[in-house]
Amino acid sequence: MIMNSFRKQFDILAQGGIFLPHETLPLALGQFKGEHSLDIPIILSVLVLSVMPMIILFIIFQDKLVKGMMAGAVKG
């Protein structure tokens with residue numbers, strides 16, 4: 001009973017696009033394509049903006065990532 005209640009509320013929120021967006025990045029980039037033209041500068045700027053959060057997180061957590069890889073590489 002509780003699981004069904006949670007599932008229904010989650011479905012309602014997901015339909016609104018709050019947790020699950022309906023478009024992935026490639027689908028969103030397709031909106032910048034015209035019928036006979038392709039706006040390359042806008043597409044490249046959207047790609048750069050979409051990659052920036054991953055780059056920032058990598059810079060912040062780089063030391064933890066390297067320590068984790070080195071700890072997992074030790075045999076014994």
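Residues: numbered from 1 along the sequence shown.
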| message | Distance check, rounded to the nearest 0.5 Å: L44 atom CG versus D39 atom CG? | response |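 Here the rounded value is 9.5 Å.
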
message: Rounded to the nearest 0.5 Å, what separates atom NZ in K67 from atom CE in M70?
response: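 If we round to the nearest 0.5 Å, K67:NZ and M70:CE are 12.0 Å apart.
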
Only residue of I59, L65, L57 satisfying side chain to side chain contact (heavy atoms under 4.5 Å, CB included) with F61 is L57

- Query: M54, L47: one ILVMFWY side-chain cluster at the under-4.5 Å cut-off?
  - Reply: no

Q) What about V51 and L49, same hydrophobic cluster or not, with Ile/Leu/Val/Met/Phe/Trp/Tyr joined at side-chain heavy-atom distances under 4.5 Å? A)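 They do not share one cluster, since no chain of ILVMFWY contacts under 4.5 Å joins V51 to L49.
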
